[in-house]
Amino acid sequence: MNRIKVKDLLTSTAFETTVLVKGWVRTKRGNKNVSFIALNDGSIIHNIQVVVDLSIISEDSIKNVTTGACIAVVGKIVSSQGKGQSVEIIAQSIELYGGSDPETYPLQKKGHSLEFLREIAHLRPRTNTFGAVLRIRHAMAFAVHKFFNDKGFCYIHTPIITGSDAEGAGAMFQVTSLDLNQLPKDSQGAIDYKQDFFGKPTNLTVSGQLEGELAAMALSEIYTFGPTFRAENSNTTRHLAEFWMIEPEVAFNELVDNMNLAEEFLKYLINYALQHCPDDLAFLNEMYDKELLERLKLVTNNDFQRVTYTEGVEILKNSGHKFEYKVEWGTDLQSEHERYLVEKHFKKPVILVDYPKDIKAFYMKMNEDGKTVRAMDVLFPGIGEIIGGSQREDDYDKLLTRIKQMNIHEEQLWWYLETRKFGSCPHAGFGLGFERLILFITGMANIRDVIPFPRTPMNAEF
Ligand code: ATP
Ligand code: MG
């Protein structure tokens, strides 16, 4: 007999048919005559109720069917008499795959804190919360590919190990196969990287953008979707050391096209979640954040407010609000500033553009004023920055000047510079942090709770 998923079972009307269902026991309760087992297989947030007539299946034979155990049940589909479900199954036989000692199973009871669940990341996918988050995360990954594929973008796999330390987005993790206890030295006494795996120092990538640009200047419209790594010691609820990033890059796009693409993309993803994940979103809305669904609709139903950095700074300075960090033209905005603009001032998502050149990366296109660059950050309620992007500098001389001014190793970027020598063109792109998107869509408060196995300072257990 083929296994049927709980999701399909719950909407089935094939009453009296015998089916095979497998999953993990959430609870077992009952009395001398009957046992009720709530079974979940992760296909949907809801459980199927298995009714066990103890005059047919002996109580002793199911004594090890306890919370957390894995079982296979053959039974008959019936319409449910109980409240809260329309379908249940009457068990004919139950096979125990793996027991789960009630004395030691950590998820014996409901209502554990998210902090506790982080310590048992190997088991937390079995909770309703993480089941919901992981299903939504999957749906969003699929929607990312669907959005770009439907628009004719080409998915490019950019390298994870990079020979450049000048990607311009953050501190890097070094990759080496040298024996750290016996480092080879050159004649000057420095580490001899000629003996390292790649014959030079290498790092984990902080962004696929630079390589993405190379592809865009041949295929016109591309995106990347892969892991990125940042060795920044920022222990916040919005930063991971390993996170996934989506980076579209489009030839012939200027900043305004880039903003339009970012806004359309984010609205598409949120609408996709509203359409395809209603049960999981309803659960999260109920359990964690009663304004979640409203906030999602706020984003899809409003045009994003587009303002310059300079205007944004003026608004913040004139707000009369006491910020922890002072706002001054020329400094990077903190998340408290970004959130003030979004949540208090405009009350909708904001796209800030034209940032001072000194707080942005070398590759951003200079504006005519010589002081600001064509950067754009998309700011969201509850999150702050969710997207960072820009129109890229396409003029060889200007780009080289910026690289020199910012003391970046020009020799490591010769290949990047060559695209401005041969057939250069206006182009633009952005990076969406996948986990920040999932934070927003699930309404979870901590980025550690939207990735199965978070990598943060001092934490790489699982
Ligand atoms: P922040 O100022 O929040 O540190 P950033 O300016 O360093 O962000 P970018 O380099 O522009 O970010 O990266 C693009 C996107 O990647 C960001 O808008 C954000 O969504 C995401 N992102 C950046 N750093 C992290 C991180 N450490 N963990 C998770 N997502 C991140
Ligand atoms: Mg950063």
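Order of listing sets the numbers, starting from 1, for every ligand and every atom in it. Here the structure is a predicted model, which is why all the values come from computation and not from measurement.
Nearest to atom 14 (C) of ligand 1 by heavy atom, out of E338, H239, R455, M245, is M245. Proximity annotation for atom 3 (O) of ligand 1: of R230, Q334, Q209, R436, R436 comes nearest, heavy atoms only.
Shown in contact with G433 at under 4.0 Å from a heavy atom are these atoms of ligand 1, numbered in order with element: 15 (C), 16 (O), 20 (O), 21 (C). The ligand atoms of ligand 1 that sit less than 4.0 angstrom from a heavy atom of I386 are 18 (O), 19 (C), 20 (O). Atoms of ligand 1 lying under 4.0 Å from any heavy atom of G388, numbered from 1 in the order shown and given with element: 11 (O), 18 (O). Of all atoms in ligand 1, numbered sequentially from 1 with element shown, those under 4.0 Å from a heavy atom of E232 are 27 (N).
Note on ring orientation: taking the six-membered ring where Trp is involved, the planes of Y309 and W329 are perpendicular (angle over 60°, cut-offs 30° and 60°). In this structure, Y272 and F142 have tilted ring planes: the angle between them lies in the 30° to 60° band. Taking the six-membered ring where tryptophan is involved, the planes of Y155 and Y223 are essentially parallel, since the angle between them stays under 30° and well short of 60°.
Within the 4.0 Å heavy-atom cutoff, I447 counts among the residues contacting ligand 1.
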* Just do the salt bridge (Lys or Arg N to Asp or Glu O under 4.0 Å) check on D303 and K348 with the steps written out, would you? => CA-CA 8 Å; D303 289 339; K348 54 179 168 168; over 6 Å; no
* Could you please spell out the steps behind the ring-ring contact (aromatic ring centres under 6.0 Å, His included) verdict for F265 and F148? => CA-CA 9 Å; F265 182 42; F148 287 121; 4.8 Å; yes
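Between the D289 side chain and the E291 main chain, a donor and an acceptor come within less than 3.5 Å of each other.
Between L240 and ligand 1, a contact under 3.5 Å exists for at least one N or O pair.
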